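Beneath this line is the structure, given in structure tokens, with notes to follow.
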Amino acid sequence: MNKKPVAILISGRGSNMSALIEATRDRDYPVEIVGVISNRADAKGLGIAAAAGIETKVIAPKDHPGKEALDAALDEALRAMGAEIVCLAGYMRLLTPGFVEKWAGRIINIHPSLLPLFKGLETHRRAIEAGMRVHGCTVHFVTAEMDDGPIIAQAVVPVLPADGEDDLTRRVLAVEHQLYPLALKLVAEGKARMTGGRTVFSGSFNGSGSLVAPIAGEEAFDIESLARMTP
Ligand code: GAR
């Protein structure tokens with residue numbers, strides 16, 4: 001099988017990186033992880049990647065005179081690894097427009113909200129404060145704007161009345177780990193492409209029904225059971 005060489009950029013824990021590495025254990029998954037790069041030497045994910053036998057590298061701001069120089073080093077390292085697709089997985093630096101331009105359509109990010117809602121940080125706290133009844137995560141093509149760019153895939157979770165920030169963080173993170181491998185597969189197979197500022201899909205897709213939240217008591221979490229509920 002012809003596998004796409006993919007590099008992952010991280011800044012910390014690397015749980016999404018781990019989910020992508022895990023996905024590649026399936027021999028039908030169309031991706032090979034060729035390297036993991038962090039902007040922080042203390043990123044926990046670096047040890048996890050190394051233990052999985054993946055090349056790791058630190059490209060830190062303090063070793064480069066400015067953002068352009070850092071991103072030039074990043075570009076060089078990615079090319080040396082042979083990467084054809086780049087996955088941002090908790091990479092907490094804004095990339096320069098020049099770098100993004102070079103990798104346009106070949107760089108994707110996961111963000112813990114239903115974009116375009118809640119760009120930036122503390123998305124779970126802000127979703128609770130806004131009174132959202134659903135929340136989730138998004139995988140999108142990267143453009144020069146932060147947490148922007150054509151959406152590839154989203155996953156939705158309910159926000160329950162008793163939820164605190166930690167509950168919601170856990171619930172969203174669990175679906176992030178499912179969504180990112182699915183979205184990367186679509187991009188690696190050429191079934192989701194960035195064209196003219198949009199994501200264009202090929203192949204067949206299905207999905208029906210709706211999510212409604214909250215559903216009281218023991219009712220199942222779908223629109224059919226909501227319809228059966230008596231007021
Ligand atoms: C994840 O929740 C990811 O969606 C988020 O950082 C976390 C990294 O966790 N990314 C962003 O907020 C990007 N704007 P991880 O290191 O365990 O994957």
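Atoms within each ligand, like the ligands themselves, are counted from 1 in listed order. Both backbone and side-chain heavy atoms feed into the values below; hydrogens, waters and symmetry mates do not. The structure displayed is predicted, hence computed values, not measured ones.
Remark: minimum distance from atom 10 (N) of ligand 1 to any protein heavy atom is reached at Ile110 O, 3.6 Å. Of all protein heavy atoms, the one lying nearest to atom 15 (P) of ligand 1 is Ser15 N, 3.4 Å. Protein heavy atom at the shortest distance from atom 5 (C) of ligand 1 is Pro112 CD, 3.7 Å. Summary of contacts: the protein heavy atom closest to atom 16 (O) of ligand 1 is Gly14 N, 2.8 Å. Looking at atom 6 (O) of ligand 1, its nearest protein heavy atom turns out to be Gly90 CA, 3.8 Å. Looking only at protein heavy atoms, the nearest one to atom 9 (O) of ligand 1 is Arg13 NH2, 3.0 Å. When hydrogens are left out, the protein atom nearest atom 1 (C) of ligand 1 is Glu176 OE1, 3.2 Å; that is the closest non-hydrogen contact.
Using 4.0 Å as the threshold, Met92 has a heavy atom nearer than that to some atom of ligand 1. Ligand 1 lies out of reach of Ile10, whose nearest heavy atom is not under 4.0 Å from it.
Judged by distance alone, the side chains of Arg93 and Tyr91 do bring a donor and an acceptor atom under 3.5 Å apart. Thr96 and Glu68 share no donor-acceptor pair across their side chains, judged by distance under 3.5 Å alone.
Atom-to-atom distance recorded for Ile33:CD1 and Ile85:CD1 is 9.5 Å, nearest 0.5 angstrom.
Aromatic pair His124/His135: ring centres closer than 6.0 Å.
Under 4.0 Å from ligand 1, not a single heavy atom of Leu121 appears.
Remark: Glu76 does not engage Arg79 in a salt bridge, criterion side-chain N to carboxylate O under 4.0 Å. Under a 4.0 Å N-O distance rule, the pair Asp167/Arg171 does not qualify as a salt bridge. The pair Arg125-Glu122 meets the salt-bridge criterion, with a side-chain N (NZ, NE, NH1 or NH2) lying under 4.0 Å from an Asp/Glu carboxylate O.
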